[in-house]
Enquirer: 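Let me give you the structure first, and then I'll get to my questions.
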Amino acid sequence: MLIQVDPLRSMVADIFAKAGCSRGESERIARHLASANLTGHDSHGVIRVPRYISWLKSGNLRAGQTLSVVSETDVFTVVDGNRGFGQSIGEQAVQLGINKALKCGVSIVALRQSGHLGRIGDWAEMAIEAGLISIHFVNVAGSLLVAPFGGVSRRMSTNPVTIGIPLGDSEPLILDFATSRVAEGKVLVAATGGKPLPPNSLITGDGQPTDDPKALYGDVDPARTNDVRAGDGAIRTMGEHKGSGLALICEMLAGALTGGGCAGPDKPYILNGMLSIYISPDHLDTDQVFLQEAQQYIEFFKTSNPAKPGDDVLVPGDMERQRRADRTANGIELPDDVWSAILDTARDVGLSNLDNLASS
Ligand code: NAD
């Protein structure tokens, strides 16, 4: 199903407004979900709508929340997201970090108890807009999806790490990835008729590498449920022992240090913790060499002979820019299951007039 971004965004906003969110919050949620689809990260896009609505109903997520400041100095802030939508809480937390880094040159924001923060690259982009480098470590208390290197039982979630670097007039760098071989949403996409998983992304309960989403979801319909516990397998970490170590660091920084808690079996809610560090190049780059050095180096980096003749060597952020340009112009392709689960959710919250949104 091919859908243009504007009608998709406004339909998603209408769903959240009908479900009890303010118009402003609904549009914010829709904007961030659609941004994930536009950048090619369908796993963090509108596929999440049924799950967010079910979390809103169950109390895992709360509409209209403002973050609470737990503790702060000029440089750091510890904040509690009060289980608000990550799209709202994330914007508030990142703005705090931006304000302090613009003043002090550097800042740290420890965010606990946020609703799902979606594509973390959005938060790096917000810092880049303000001219700031940002580094984000994220964990998901209440979500056990990933087995550590050498293990089979789930002990953590997909724990993303994201780094954004503004480069003046040149395109910024945005490195943004899950520390698992695949994000859980990509298993969800594969399970609902979308792009198949790379081989051996998952591991079965008895230790066999596989790409079958059933290892995670069992036989349930994952587009209509938030139950990822039905399967007896796990997602594997990226980069063998190195990705596993990075994921563990996310638990330490985003879970233990923020006060949001590490992943575990007895957590009542699925929430993100995020430790973010903001750096102002204007403050640190006293010799004013950063931009020229960085831009020249990226040119050098990209002139590496391509492994496949004719291909480009890309830097982090290139792929998302290419996809955003393409999908903004040509629309977003959604698997039929995902689209019909969104339509069902729209009807459930009381929306009508849902015809004519798709174009092929
Ligand atoms: P991915 O595997 O697609 O990797 C994306 C990164 O790799 C980007 O920085 C991209 O620019 C870069 N990249 C892609 N192709 C490249 C190439 N050919 N050459 C050079 N660089 C290239 O991403 P992922 O691990 O599937 O993560 C997807 C999204 O899921 C991310 O946006 C992440 O923030 C999000 N996520 C969120 C949560 C959460 O709890 N909120 C959890 C996990 C993941």
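Every number for a ligand or one of its atoms is a count from 1 in the order of the listing. Just so it is clear, the structure is predicted and the values come from calculations on it, not from any experiment. By convention here, the first residue in the shown sequence is residue 1.
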Enquirer: Where is the nearest protein heavy atom to atom 6 (C) of ligand 1: which residue, which atom, and how far?
Expert: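 Here the closest protein heavy atom is Asp176 O, 3.3 Å.
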Enquirer: Which residue supplies the protein heavy atom nearest to atom 39 (C) of ligand 1, what is that atom called, and how far is it?
Expert: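 Ranked first by proximity to atom 39 (C) of ligand 1 is His116 NE2, 3.6 Å.
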Enquirer: How about atom 22 (C) of ligand 1: does it have a protein heavy atom within less than 4.0 Å?
Expert: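 No.
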Enquirer: So if I apply the side chain to side chain contact (heavy atoms under 4.5 Å, CB included) rule between Ile342 and each of Arg347, Arg48, Met11, which one comes out positive?
Expert: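 Option passing the side chain to side chain contact (heavy atoms under 4.5 Å, CB included) with Ile342: Met11.
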Enquirer: Within the 4.0 Å heavy-atom shell around Val140, which atoms of ligand 1 are there?
Expert: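 Listed by number with element: 40 (O).
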Enquirer: Between Val146 and Thr237, which heavy-atom pair has the shortest distance, and what is it?
Expert: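 Looks like CG1-CG2, 3.5 Å.
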Enquirer: Closest by any non-hydrogen atom to atom 12 (C) of ligand 1: pick that one out of Gly40, Pro316, Gly164.
Expert: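 That would be Pro316.
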Enquirer: Please check whether Glu320 reaches ligand 1 - meaning an N/O of the residue sits under 3.5 Å from an N/O of the ligand, judged on distance alone.
Expert: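 Yes; the residue has a nitrogen or oxygen that sits under 3.5 Å from a nitrogen or oxygen of the ligand.
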Enquirer: Step through it carefully: locate the ring centre of His44, locate the ring centre of His32, and say whether they are under 6.0 Å apart.
Expert: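 Distance test on ring centres: not under 6.0 Å, no.
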Enquirer: Measure the distance from atom 20 (C) of ligand 1 to every protein heavy atom, then report the residue, atom name and distance (to 0.1 Å) of the closest one.
Expert: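 For this ligand atom, the closest protein heavy atom is Leu314 O, 3.6 Å.
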Enquirer: Starting from atom 41 (N) of ligand 1, locate the nearest protein heavy atom and write down its residue, its atom name and how far away it is, to 0.1 Å.
Expert: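 Of every protein heavy atom, Gly118 O, 3.0 Å lies nearest to atom 41 (N) of ligand 1.
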Enquirer: Tell me which protein heavy atom sits closest to atom 28 (C) of ligand 1, plus the residue, atom name and distance to 0.1 Å.
Expert: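 Looking only at protein heavy atoms, the one closest to atom 28 (C) of ligand 1 is His41 ND1, 3.4 Å.
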Enquirer: Please check if atom CD in Glu293 has more than 12 non-hydrogen atoms from other residues, nucleotides or ligands closer than 6.0 Å.
Expert: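 At most 12 heavy atoms, drawn from other residues, nucleotides or ligands, come within 6.0 Å of this atom.
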Enquirer: So is Gly121 polar-close to ligand 1, meaning N/O to N/O under 3.5 Å?
Expert: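 Among all N and O atoms of Gly121, none is under 3.5 Å from an N or O of ligand 1.
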Enquirer: Salt bridge check: are Arg31 and Glu91 linked by an N-O gap of less than 4.0 Å?
Expert: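 Answer for the salt bridge query: yes.
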Enquirer: Hydrophobic clustering (ILVMFWY, side-chain heavy atoms < 4.5 Å, transitive) - are Met238 and Ile163 grouped together?
Expert: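 In one cluster: yes.
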Enquirer: Could you check whether atom 34 (O) of ligand 1 has a protein contact, counting only heavy atoms that fall below 4.0 angstrom?
Expert: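 Yes.
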Enquirer: Is any NZ, NE, NH1 or NH2 atom of the basic residue among Glu184 and Arg51 found under 4.0 Å from an Asp or Glu carboxylate oxygen of the other?
Expert: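 Judged by the 4.0 Å cut-off on N to carboxylate O distance, Glu184 and Arg51 do form a salt bridge.
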Enquirer: Which of the listed options, Arg48, Met319, His136, Lys186, holds the heavy atom that is closest to atom 1 (P) of ligand 1?
Expert: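 Shortest heavy-atom distance from atom 1 (P) of ligand 1: Lys186.
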Enquirer: Pull out every atom of ligand 1 sitting under 4.0 Å from any heavy atom of Gly317, numbered as shown with elements.
Expert: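 Close to Gly317: 11 (O).
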Enquirer: Give the numbers and elements of all ligand 1 atoms closer than 4.0 Å to a heavy atom of Ile120.
Expert: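 Under 4.0 Å from Ile120, ligand 1 has these atoms: 34 (O), 41 (N).
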Enquirer: Flag the pair Glu27 and Arg23 as a salt bridge only when some basic side-chain nitrogen lies within less than 4.0 angstrom of an acidic carboxylate oxygen.
Expert: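 Looking at Glu27 and Arg23, the cut-off is met.
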Enquirer: Using a plain distance cutoff, I'd like to know if Phe177 has any nitrogen or oxygen under 3.5 Å from a nitrogen or oxygen of ligand 1.
Expert: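 Such a contact does not occur with ligand 1.
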Enquirer: What do we get for Asn272 next to ligand 1 when only non-hydrogen atoms under 4.0 Å count, side chain, backbone, both or neither?
Expert: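 Contact part for Asn272 vs ligand 1: side chain (C-beta onward).
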Enquirer: Looking at Gln288, is its backbone amide N or carbonyl O close enough to the side chain of Asp285 to form a donor-acceptor pair, meaning the two atoms are under 3.5 Å apart?
Expert: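 Answer holds: yes.
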Enquirer: Considering only NZ, NE, NH1 and NH2 on the basic side and carboxylate oxygens on the acidic side, decide whether Arg119 and Glu125 come within less than 4.0 Å.
Expert: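 Salt bridge flag = yes for Glu125 with Arg119.
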Enquirer: Using side chain to side chain contact (heavy atoms under 4.5 Å, CB included) as the criterion, point out the one residue from Leu145, Thr158, Leu202 that pairs with Val187.
Expert: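 The passing option is Leu202.
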Enquirer: Show the atoms of ligand 1 that are less than 4.0 angstrom away from any heavy atom in Thr158.
Expert: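 Counting atoms of ligand 1 from 1, those under 4.0 Å from Thr158 are 42 (C), 43 (C).
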Enquirer: For atom 27 (O) of ligand 1, grab the closest protein heavy atom and report residue, atom and distance to one decimal in Å.
Expert: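 Minimum-distance protein heavy atom for atom 27 (O) of ligand 1 reads Ala178 N, 3.6 Å.
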Enquirer: Looking only at distances, please establish whether an N/O atom of ligand 1 is found under 3.5 Å from an N/O atom of His44.
Expert: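 By distance alone, the answer is yes.
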Enquirer: Is Arg83 close enough and on-axis enough to Tyr269, meaning under 6.0 Å and within 45°, for cation-pi?
Expert: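 Yes, Arg83 sits over the ring of Tyr269.
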